[in-house]
Number of protein chains: 2
Amino acid sequence: MTTAHPAPRGTRPGGRTARTREAVLAAVFEELGDGGYPALSMEKIAQRSGVHLATLYRRWRCMEGLVCEALIDRSAAVPLPDTGTLPGDLRALAHAIGAFYGEPRMRGLIEAVVAAAARDPESATVLRSFFEDRLRTTGQMVDRAVARGELPADTDAAEVLAALGAPFYYRILIARRPVDRALAESAATAVWAAARAGAYTRARPADD
Amino acid sequence: MTTAHPAPRGTRPGGRTARTREAVLAAVFEELGDGGYPALSMEKIAQRSGVHLATLYRRWRCMEGLVCEALIDRSAAVPLPDTGTLPGDLRALAHAIGAFYGEPRMRGLIEAVVAAAARDPESATVLRSFFEDRLRTTGQMVDRAVARGELPADTDAAEVLAALGAPFYYRILIARRPVDRALAESAATAVWAAARAGAYTRARPADD
DNA sequence: TCATTAACGCGAGCTTGCTCGCGTTAATGT
DNA sequence: ACATTAACGCGAGCAAGCTCGCGTTAATGA
C-alpha cells in the first residue's frame, strides 16, 4: 500500500533517492535506540545517515513527517494470522503486536509518531488513514469468524481490532510500563470474550 | 491528591502565586480551544494570561510541565460512581470519561500531555504516577464488585480500569476520530464481559 | 552516449524558543 | 506596622531549529 506507486511524471525514485531514504529511515530507528524520542533531532539523524540536514527538511518537511514514514515502513513486518479459529487468530496477532512493541526502538517510534500527529495536522491525517487501512486489512480475520458463525453477524470488524490494539497503546503511552506477554494474553482473551458478548455489534441495545 | 501539600518552608502559595497559577492554567485551556495543541505556545499562553514568559519558564520549566499540571488540575472533575453493581459502575464511569474527552479542549489537553511525556522524561514520570494513582482510586469499584462476588477473587482491579480507559485513548490518539456515546457503551460492556471471563485475573492459565 | 533536470551538498543567515541578571511587587512572620 | 524575601516583570542576548540560494552530482529518456 505504501510502495508500488505508479511513479509520477518527472520524479526519480530509483538509485540515489532510494538509498538516501533507506539511510535516513535506518538512522531514525538507530537513533531511537540510544536516547529514545527525547534525544531525537534532525541534526543527529543527518549526522548518522550522512544525509545533509537541508535534504531532510526538503523531502520530509519536518521531523513529524519523517517519523511517520519510518513507522509505516516498519509496520509492514506484522503479518495477518490465519489459525482457523478467531481466538487463535486474536492470540497470534496479539503476541505479534506484543513482540513488535516489545522492541524499545519500536516503542520509541510509536511515541514519536503520536507526538507528531498531535503537533502536525498533516501527519495526523497520514497516520489516521494508515491505521484505518490496517484495521481494514486485519479485519478480515473477524469477517472470516463471522462467516464461520463464531461471532454475531453484525459485528464491526474494525472495532474488534481496535479493541485488540488499544491495551498496547494504553500501556505504552499512558501507563508507561513495559509491554509483556501477559498483556498480549490478556488483550486476546478480553477481546474474544467481549466480541462474543456482542460488545462490538453495530446496533447495540440501549442508548441511555 | 494534588492540593493540600503541607506548604514547604520558605514558600508563598497564597495570594498572587495562586492567582497567576489559575490565570495560566485557564489560559492553557482556552488556548487549546482555538487551534488545539498544534497552535499552543508559551508565547501565546503568556499573552493570554498576562503572565510574563520568563515566569512561565521559571515555574513550569517548559511547556511539557505546564500541560501536565493543567491535566491533573482538570481531572479532579471526574467522580467515582457507586451504583451498586459493577456493570452499572463501569457504564457510569465510561460515560463520564466519554463526556470528559468529548470536550475538544480536553481532547487537546490529553494529546498535549502524551506528547509532553514522550519528549520530556520528567513529565513522563509525573504522568505515570498520576495515572497510577487514578487507577488505584477508581479500582475501588472493582474491589467492591469482587467482595460482592461479581468477579473472580484474583481479579486485578487496575487492569480492569486500564481496559476501560484504553478504548478512549486509542480513539483519540491513534484512530483520531470523535469520542461518542457509542464508544463509552461499547467499552463498558466489553470490559464487563472480559472481566467476567477472567481476562484480568492475576494468575492466567496458559503462558504459551 | 549524451542532454536534461531531479535530488543533493554546502554554508550563510533568519526565526523561534529559551535563559539570565537586575529591579520591582507583594506575601508572610513578627 | 515593618522587615524580609518569594515571586514576578522586563528586556537583552544566546542557542537551537529551520530556510534559502547556488553550485554539484547522478538518475532518466532519447
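Residue numbering restarts at 1 for every chain, and letters A, B, ... go by the order of the sequence lines.
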Side chain of [X], backbone of [Y]: donor and acceptor closer than 3.5 Å?
X: B/Ser129; Y: B/Thr125; value: yes
X: B/Ser49; Y: B/Ala27; value: no
X: A/Ser75; Y: A/Ile72; value: no
X: B/Thr138; Y: B/Arg134; value: yes
X: A/Asp89; Y: A/Thr83; value: yes

Separation of [X] atom [atom1] from [N] atom [atom2], in whole Å?
X: A/Arg19; N: C/dA6; atom1: CZ; atom2: C1'; answer: 14 Å
X: B/Met42; N: D/dA16; atom1: CE; atom2: P; answer: 18 Å
X: A/His52; N: D/dT24; atom1: NE2; atom2: P; answer: 15 Å
X: A/Gln47; N: D/dG17; atom1: CD; atom2: C1'; answer: 14 Å
X: A/Arg21; N: D/dA27; atom1: CZ; atom2: C1'; answer: 17 Å
X: A/Glu43; N: C/dC10; atom1: CD; atom2: P; answer: 13 Å

(request) Determine: side-chain N/O of B/Ser41 to OP1/OP2 of C/dT16, distance under 4.0 Å, yes or no. (result)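 So the side-chain polar atoms of B/Ser41 never come under 4.0 Å of the phosphate oxygens OP1 or OP2 of C/dT16.
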
Side chains of residues 105-117 of chain A: which donor-acceptor partners sit under 3.5 Å, not counting sequence neighbours?
unit_1	atom_1	unit_2	atom_2	d
A/Arg105	NE	A/Glu103	OE2	2.7
A/Arg105	NH2	A/Glu103	OE2	2.7
A/Arg107	NH1	A/Arg177	O	2.9
A/Arg107	NH2	A/Arg177	O	3.3
A/Glu111	OE1	A/Arg176	NH2	2.6

(request) Take the C1' atoms of the five end pairs on each side of the helix from C/dT1-D/dA30 to C/dT30-D/dA1, get both axes, and report the angle to 10 degrees. (result)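 Comparing the first five pairs with the last five, the axes sit 50° apart.
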
(message) Base of C/dA26, side chain of B/Arg16 - is there a donor-acceptor contact under 3.5 Å?
(response)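 Side chain to base: no pair below 3.5 Å.
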
(request) Name every residue in residues 54-66 of chain A that has at least one heavy atom under 4.0 Å from any atom of DNA chain C, in order of residue number, or write none if there are no such residues. (result)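 Contacts with DNA chain C under 4.0 Å: A/Ala54, A/Thr55, A/Arg58, A/Arg59.
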
(message) Using a strict heavy-atom distance below 4.0 Å, which residues from residues 116-124 of chain A are in contact with DNA chain C?
(response)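 Contacts with DNA chain C under 4.0 Å: none.
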
(request) Is it possible for you to check whether B/Arg119 lies under 6.0 Å from the centre of the six-membered ring of A/Tyr37, through NZ or CZ, and within 45° of that ring's axis? (result)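 No, cation not above the ring by the 6.0 Å, 45° rule.
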
List, one per line, each side-chain donor-acceptor pair under 3.5 Å for residues 164-171 of chain B, sequence neighbours excluded.
unit_1	atom_1	unit_2	atom_2	d
B/Tyr169	OH	B/Tyr101	OH	2.9
B/Arg171	NH1	B/Pro178	O	2.8

(request) Report the residues that fulfil side chain to side chain donor-acceptor pair (under 3.5 Å) with A/Thr137, sequence neighbours left out, ordered by chain and then residue number. (result) none

(message) Rounded to the nearest 0.5 Å, what separates atom NZ in A/Lys44 from atom CG in A/Asp34?
(response) 7.5 Å

(message) Return the CD to CG distance between B/Glu185 and B/Leu90, rounded to the nearest 0.5 Å.
(response)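 Between B/Glu185 CD and B/Leu90 CG, I get 11.0 Å after rounding to 0.5 Å.
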
